**Q** 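Input: one structure, supplied below.
Since the structure is predicted, the reported quantities are computational estimates derived from the model, not experimental observations. The sequence lines fix the lettering, A, B, ..., with proteins before strands; numbering per chain opens at 1.
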Amino acid sequence: MATTLTLHVNGKSQPVRVDDPQMPLLYALRNDLDLHGPRFGCGLAQCGACTVHVDGKPVRSCTYPVGQAAGKKIVTLEGLGTPKKPHPLQQAFVAEQAVQCGYCINGMIMQAAALLAENKRPSESEIKQALAGNLCRCGTHVRIVRAVKRASEMMA
Amino acid sequence: MLTENISRREFLKTSGALVVVFSVASPLADAATKKSSAAAKTVALDQVDGFVEIDARGNVTVYSGKVDLGTGVQTALAQIAAEELSVPLSRVTVIQGDTALTPDQGITWGSLTIQSGGMQIRQACATAREALLDRAAEKLRVAKTELYAKDGRAYVVGSERSVPYTELLGGKRFEMKVNEKAPTKPPSMYTVVGQPVPRLDIPDKVTGRFTYMQDFKLKGMLHARVVHPAAMKASLQSVDDSEARRLPGYVATVRKGNFVAVVARSEWGAIRAADALKTRWSDWRGLPDKAKLWDHVRKSKIVKDEELQKAGNSAEAMKGAAKRLNATYDFAVHTHGSIGPSCAVADYRDGELRVWTASQATHTLRKQLAKMLDMKPEAVRCTYIEGAGCYGRNGHEDAAADAALIARELGKPVRVQWSRADEHGWDPKGPPTLIEHRAGLDGAGNLVAWEGELYAPDRSKPFAVTLTTAEHAGLPKDDAFPGNIHQGMAIPYTVPNIHTVAHWLAETPFRPSWIRTPGRMQNTYANECFLDECAAAANVDPLEYRRRYLKDARGLELLDRLAKLANWQTRKGPAKAEGDSAKGRGVSYIKYELVRTYVGVVADVTVNRKTGKVTVDRFYVAHDCGQIINPDGLRNQIEGNIVQTVSRTLLEDLQWDASRVTSLDWKTYPILTFPDVPDVVIDLIDRPTERPWGAGEPAAAVVPSAIANAIYDAVGVRMRSVPFTPEKVRAALKSA
């Protein structure tokens, strides 16, 4: 039975018709709401490419049921900042050119944003620990750490 | 073979003119919808119009058959074109890998995009600029020698008189051949090439505005999932889709031979339907026992032997040697492990097939799809859209073939997204590679004989990899070419007697393909480790030992720069430090394929004797790829080469049982994570007046050997089997 859920995404309330409340939130965001920030990487909460914020906490949207997300405040990479008004992390990733293919970068930025909300001046090793569950295959890690560090300095 | 709960007639009725919609406005949209102009555009390699177009507003479009696989190379290509045409970089757009629009510049592999593809673009642009200056000379009635090009205009030297390219061209095409002799701009005049220009794609990628292959949508597009065989070569015995049919949005089950897929209106619907599909497969247990893999490789049938390097008479020299060494090196099976699993969209209408794909080889794919579906290649158009990082021939072509087959069966646009398990389980693999080395030293420790034998899958085949779709569906298919894996066996050192042979094997357990630095990585690992063993046997510092046999001035300069960068101190055998934690450093060197990019590295490692864990603390890299187009892009590539290969060297080892790959996710195929990532310190040697060479692979080639040599330096054991897992290190320490 299809039901209509209301998702609060990036400051807007939007209805989404859902066949299965167990469907991961990722598919609603990508396919129903046409958002490109969160990405499908594994569907197993192992790589972090799909990370979004739900009520301020980073969650793996590839395993987070859409039914559970209804009524909660969801923020995606698109909501964190825009090309015109980028978030300091987005600015820092550009400044450090901390991207190769960029497929994992959504997760890196969203996870780092959650870190910086709790720890404004993380050390290099704290950044590495915070991102330990986010995988990058291209080997952009060195730059990503620098970018997070730079963002923390910009936000200070 | 086709069951569907919407009648085919319904589909046909609604399938009049195809309306193509894109989820965001992008240059892709233009490229994809401009069908009429696309039909008229030349893709000839010898035509200026094949590569470059200047429109009536002065915007420049570069058509590149080589694609950006997540390396940032499109920015470098745009820099080359902007420089050679003397137009602002902001005016340049790069269209990549569209069989209807871009010349076939070959597969995007082998670190050749700038070196070969970029130079073709440079020459086309130089021809175009010269033609524009010829026209300007006529128009302004001055000698061509009185003119120079700048910012999209031809200027008269020493005056304000100028004419814009747009006026000279009037939005028309060049209609001329690429002049191989057209003068290219002297590097001393460069303002764009050589600059660390920020990448064009990054702002969109960090704000969620970029359209990856996985984001691409067509109106009315259906979603499919392929259900791969339960065992690698199992036959499909039965399919029960009764449960899948009851799911909301179910559309069809497509079966052909051992190929089976389910189609639904939504992506999640397709995933659920695939889970609900009950398939029964024959029992197949043909994979070799992993514990005895190297016996299996050694006993595999040899198709032929190929001599890869020969000097003097190694057999004679070996007999007279004062000291003889031998060692066997093996290198595990690796998966590509792209972070985004393969994805493609296909649409089949009126006998024509359109495919959107992240393939590194759209022109090859087009021929493969045509063969599989018994179509003319001209009726197939493949358009590149960047996917997640691609490091060789992974699953993209297979996903494209899946989508093409299903789209033809349904007559509707279809998107195929592979799951993580599909990707790990079914992408073609870097084949298991075994290398045996022997060396002879004279009484003074001089290397007098060097012999090598490589055991790897036969490469004497066309440049294509079997499409899983064709194999499973029983359709016409290509063989599996493993890449140019003979490269890197020949050593860059002047040794009087050398004999190196490849034994090309008839079989290999998994469909082979090329993964970043194919062959060169495995072969260089063996070469550079074994040379280190020779240095130790001669009791000579390993860097000094390399210098001794290097007659190449550019290589020697690089090693000097490396020694300085890493503050290399003469090594006198393994450290004898007490305690659980031991530090060491190792060196490695390559001149890529003996004809291009030079790389030297020093690895600093820490080995925990108790746990066997190896941590790579730092890599020092000296890198000479000739003329540098974008130094920051180059650094990014070098860092990626190092970090990715540290992962492959320390951790990566595909697992399987008798029937199938069992490394199906990131838990069973772990890769390097942030806490274990080394620092990377780079010295770029720029040679603006030399030709540019590739950088996407060479630095990766020297990583495994540098780490192995550093482990020896730390704890005195030789790691002759990649990956260097804690278990293997503990075992080596125990038997030392």
Side-chain angles (χ1 to χ4, degrees), chain A residues 1-2 19-20 23-24 27-28 30-32 34-44 46-47 49 76-83 86 89-91 93-94 97-106 109 125 127-145, chain B residues 23-24 69-72 196 198-199 201-212 214-215 247-249 266-269 271-272 337-341 386-391 417 419-420 632-633 636-637 639-647 665-667 671-675 677 679-680:
Chain A
M1 262 300 281
D19 289 327
D20 174 13
M23 175 176 82
Y27 297 100
R30 287 183 51 78
N31 297 337
D32 298 300
D34 227 356
L35 294 165
H36 290 185
R39 321 210 54 78
F40 172 71
C42 65
L44 305 161
Q46 290 178 350
C47 77
T76 73
L77 186 63
E78 290 91 338
L80 202 66
T82 62
L89 273 164
Q90 291 166 322
Q91 287 176 47
F93 272 69
V94 173
Q97 294 283 291
V99 171
Q100 286 190 44
C101 80
Y103 200 89
C104 70
I105 292 299
N106 166 72
I109 293 178
S125 112
I127 294 169
K128 287 181 171 179
Q129 283 306 324
L131 295 176
N134 288 70
L135 301 181
C136 164
R137 182 55 160 165
C138 295
T140 324
H141 307 69
V142 183
R143 285 169 183 246
I144 292 170
V145 172
Chain B
S23 39
V24 293
L69 300 170
T71 59
R199 267 171 54 179
D201 53 333
I202 290 183
D204 281 353
K205 284 181 172 175
V206 300
T207 51
R209 269 75 183 172
F210 191 81
T211 301
Y212 288 93
Q214 286 84 350
D215 302 315
L247 290 168
S266 73
E267 188 171 7
W268 183 243
I271 294 169
R272 287 178 84 194
S338 190
I339 289 291
E386 191 178 326
C390 169
Y391 322 100
Q417 168 71 68
S419 70
R420 174 48 54 199
D632 190 60
N636 205 350
Q637 277 304 289
E639 289 162 9
N641 271 308
I642 301 296
V643 174
Q644 188 183 75
T645 314
V646 168
S647 177
D665 62 13
W666 295 116
K667 282 214 166 79
I671 61 171
L672 201 73
T673 59
F674 277 91
V677 166
D679 291 338
V680 183

**Q** Under a 4.5 Å heavy-atom cut-off, does chain B meet the side chain of P83(A), its backbone, both or neither?
**A** both

**Q** Measuring only between side-chain heavy atoms, which start at C-beta, is R209(B) closer than 4.5 Å to E78(A)?
**A** yes

**Q** With sequence neighbours left out, write down each residue that passes ring pair (Phe, Tyr, Trp, His ring centres under 6.0 Å) with Y212(B), or none if nothing qualifies.
**A** Y103(A), F210(B)

**Q** Report yes if the side chains of L35(A) and R30(A) come closer than 4.5 Å at any heavy-atom pair, otherwise no.
**A** no

**Q** Below 4.5 Å from any heavy atom of chain B, which atoms of R39(A) appear? Answer side chain, backbone, both or neither.
**A** side chain

**Q** I271(B), D632(B), V680(B): which one forms the most heavy-atom pairs within less than 4.5 Å of chain A?
**A** D632(B)

**Q** Pick whichever of G37(A), C138(A), P86(A) has the most heavy-atom pairs under 4.5 Å with chain B.
**A** C138(A)

**Q** Count the heavy-atom pairs under 4.5 Å between each of T673(B), I671(B), V646(B), N641(B) and chain A, then report the option with the highest count.
**A** I671(B)

**Q** S647(B) versus chain A, heavy atoms under 4.5 Å apart: side chain, backbone, both or neither?
**A** side chain

**Q** What is the minimum heavy-atom distance between I339(B) and C104(A), and which atoms define it?
**A** CG2-CB, 4.5 Å

**Q** Highest number of heavy-atom pairs under 4.5 Å with chain B: which of A98(A), A2(A), P24(A)?
**A** P24(A)

**Q** Considering only heavy atoms and a distance below 4.5 Å, find which of Q214(B), Q637(B), Q644(B), Q417(B) pairs most often with chain A.
**A** Q214(B)

**Q** For the residue pair Q46(A) / D665(B), report whether a side-chain donor-acceptor contact shorter than 3.5 Å exists.
**A** yes

**Q** Any heavy-atom pair between the side chains of S266(B) and Y27(A) that's under 4.5 Å?
**A** no

**Q** Between chain A and each of V677(B), D204(B), L672(B), count heavy-atom pairs under 4.5 Å; write down the option with the most.
**A** V677(B)

**Q** Which bit of F93(A) comes within less than 4.5 Å of chain B, counting heavy atoms only: side chain, backbone, both or neither?
**A** both

**Q** I need the residue from G269(B), A388(B), G389(B), P203(B) with the largest number of non-hydrogen atom pairs under 4.5 Å to chain A.
**A** A388(B)

**Q** Using heavy-atom distances under 4.5 Å, tell me whether L131(A) contacts chain B through its side chain, its backbone, both, or neither.
**A** both

**Q** With sequence neighbours excluded, tell me which residues meet side chain to side chain donor-acceptor pair (under 3.5 Å) with D201(B).
**A** R199(B), K205(B)

**Q** Between N636(B) and Q97(A), is a side chain to side chain donor-acceptor pair (under 3.5 Å) present by the stated rule, with each step listed?
**A** CA-CA 8 Å; N636(B) 205 350; Q97(A) 294 283 291; over 6 Å; no

**Q** Taking the basic N atoms (NZ, or NE/NH1/NH2) and the acidic carboxylate oxygens, is any pair closer than 4.0 Å for R272(B) and D19(A)?
**A** no

**Q** Determine the option with the most heavy-atom pairs under 4.5 angstrom with chain A, choosing from I202(B), V643(B), T71(B).
**A** I202(B)

**Q** Check each atom of N31(A) against the heavy atoms of chain B and say whether the ones under 4.5 Å are side chain, backbone, both or neither.
**A** both

**Q** Out of R137(A), Q90(A), K128(A), H141(A), which one racks up the most heavy-atom pairs below 4.5 Å with chain B?
**A** R137(A)

**Q** Restricting to non-hydrogen atoms, name the atom on Y391(B) and the atom on S338(B) that form the minimum distance, rounded to 0.1 Å.
**A** CE1-CA, 4.3 Å

**Q** Give, as side chain, backbone, both or neither, the part of I109(A) having an atom under 4.5 angstrom from any heavy atom of chain B.
**A** side chain

